[in-house]
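Let me begin by presenting the structure, written as structure tokens, before commenting on it.
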Amino acid sequence: MKNYFRIQEPGISIEEMKAHQTLVDVDDNGEEIYEAGVSCCLSPSGYDGGSCFGGAWDAADENWEIVIFEGHIVSQLYDGYVVEPVQEVARFTKSEWRTKIEDMSAWEYEKWQ
């Protein structure tokens, strides 16, 4: 099972993440389409598309968390994926994760199977 990376406000449990519904599209009639799962990235850097963690990196406070979890891809977004979380692997504050990106230790959490 792969590891995925998500930035979010602190304190959101893996159980809450499992119950989350993500807006993935709007149909021709203007109806919003949701899928079970959370938006996240395959890359520890957060760059799976447009901007870092879908732009959330720049909007996030320093106490926001990077949550690493195992899961299953539900669908692909333009800047990441919607993933159904299975199990939490680790959590770091944005500041801690920035240090891990700089010293390259963030890639120790990359898991492709």
Side-chain angles (χ1 to χ4, degrees):
M1 194 172 311
K2 294 180 182 183
N3 281 350
Y4 299 93
F5 304 85
R6 173 177 171 77
I7 190 168
Q8 63 185 23
E9 292 181 21
I12 300 171
S13 70
I14 193 74
E15 290 76 23
E16 291 172 297
M17 291 169 63
K18 287 179 181 181
H20 187 73
Q21 297 283 314
T22 298
L23 175 65
V24 294
D25 204 355
V26 177
D27 69 16
D28 292 341
N29 297 321
E31 296 291 322
E32 295 178 337
I33 300 169
Y34 290 84
E35 291 185 347
V38 294
S39 57
C40 61
C41 297
L42 284 173
S43 170
S45 70
Y47 284 104
D48 284 3
S51 53
C52 190
F53 289 101
W57 182 268
D58 293 332
D61 293 335
E62 288 301 305
N63 67 331
W64 277 36
E65 297 175 323
I66 306 304
V67 179
I68 305 158
F69 61 93
E70 294 179 334
H72 305 284
I73 292 177
V74 175
S75 63
Q76 186 171 358
L77 301 171
Y78 66 94
D79 59 357
Y81 298 85
V82 174
V83 171
E84 180 182 11
V86 172
Q87 176 178 305
E88 184 175 318
V89 173
R91 287 179 186 250
F92 299 94
T93 65
K94 181 180 172 184
S95 297
E96 291 168 332
W97 196 248
R98 182 183 293 109
T99 299
K100 291 193 163 300
I101 291 292
E102 291 169 359
D103 71 12
M104 302 299 287
S105 64
W107 277 263
E108 293 171 12
Y109 290 93
E110 201 169 39
K111 181 178 166 189
W112 291 96
Q113 294 185 26

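In this chain, numbering begins with 1 at the start of the sequence shown. Everything numeric here is computed off the predicted structure, so don't read it as measured data.
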- Do Cys52 and Asp58 come within less than 4.5 Å of each other through their side chains, counting heavy atoms only? no
- Does one hydrophobic cluster hold both Val82 and Ile66, with members joined at side-chain heavy-atom distances below 4.5 Å? no
- Do Cys41 and Arg6 pass the side chain to side chain contact (heavy atoms under 4.5 Å, CB included) test, and can you show the C-alpha distance, the side-chain angles, and the key distance before you say yes or no? CA-CA 6 Å; Cys41 297; Arg6 173 177 171 77; over 6 Å; no
- Trace of the side chain to side chain contact (heavy atoms under 4.5 Å, CB included) decision for Lys94 with Asn63: CA-CA 6 Å; Lys94 181 180 172 184; Asn63 67 331; over 6 Å; no
- If you round to the nearest 0.5 Å, how far is CD of Glu70 from CD of Glu84? 13.0 Å
- Test log, rule side chain to side chain contact (heavy atoms under 4.5 Å, CB included), inputs Asn3 and Phe69: CA-CA 5 Å; Asn3 281 350; Phe69 61 93; over 6 Å; no
- Query: Is the gap between the ring centers of Tyr109 and Phe92 under 6.0 Å?
  - Reply: yes
- Query: Looking just at side-chain N and O atoms, do Glu108 and Ser105 make a donor-acceptor pair shorter than 3.5 Å?
  - Reply: no
- Do His72 and Val86 touch side chain to side chain, with heavy atoms closer than 4.5 Å? yes
- Task: May I ask you to decide if Gly71's main-chain N or O and Gln87's side chain share a donor-acceptor pair within less than 3.5 Å?
- Result: no
- Single-linkage hydrophobic cluster Phe53~Met17, side-chain heavy atoms < 4.5 angstrom: no
- Message: Do the side chains of Arg98 and Glu62 get close enough for a salt bridge, i.e. N-O under 4.0 angstrom?
- Response: yes
- May I ask whether Val89 and Trp97 are part of the same hydrophobic cluster, defined by side-chain heavy atoms of I, L, V, M, F, W, Y residues being less than 4.5 angstrom apart, directly or through others? yes
- Is the shortest side-chain N to carboxylate O distance from Lys2 to Glu110 below 4.0 Å? no
- Task: Using the side chain to side chain contact (heavy atoms under 4.5 Å, CB included) rule, take Tyr4 and Ile73 through it: C-alpha gap first, then chi angles, then the decisive distance, then the call.
- Result: CA-CA 9 Å; Tyr4 299 93; Ile73 292 177; 3.3 Å; yes
- Same cluster or not: are Met104 and Leu42 linked, directly or through other Ile, Leu, Val, Met, Phe, Trp or Tyr residues, by side-chain heavy atoms under 4.5 angstrom apart? no
- Closest approach of Pro85 to Gly37 (non-hydrogen atoms, all atoms of both residues): CD-CA, 4.5 Å
- Item | Side chain proximity check, Ile33 to Asp27, heavy atoms < 4.5 angstrom | yes
- Message: Working to the nearest 0.5 angstrom, can you tell me the gap between Asp61 CG and Thr93 OG1?
- Response: 11.5 Å
- Determine whether Glu35 and Thr22 make a side-chain contact, defined as any pair of heavy atoms from C-beta on separated by less than 4.5 Å. no
- Task: Could you tell me which non-hydrogen atom of Lys111 sits nearest to which non-hydrogen atom of Met1, and how far apart they are?
- Result: CE-O, 3.0 Å
- To the nearest 0.5 Å, how far apart are CD in Glu16 and CD in Gln8? 8.5 Å
- Task: Give a yes or no on whether Tyr47 and Trp107 share a hydrophobic cluster (residues Ile, Leu, Val, Met, Phe, Trp, Tyr; joining criterion: side-chain heavy atoms under 4.5 Å apart).
- Result: no
- What one should report as the nearest heavy-atom pair of Ile101 and Pro44 is CD1-O, 3.5 Å
- Ignoring hydrogens and angles, state whether a donor on the side chain of Ser43 or Ser45 is under 3.5 Å from an acceptor on the partner side chain. yes
- In Å and rounded to the nearest 0.5 Å, what is the SG to CD1 distance from Cys40 to Ile68? 11.5 Å
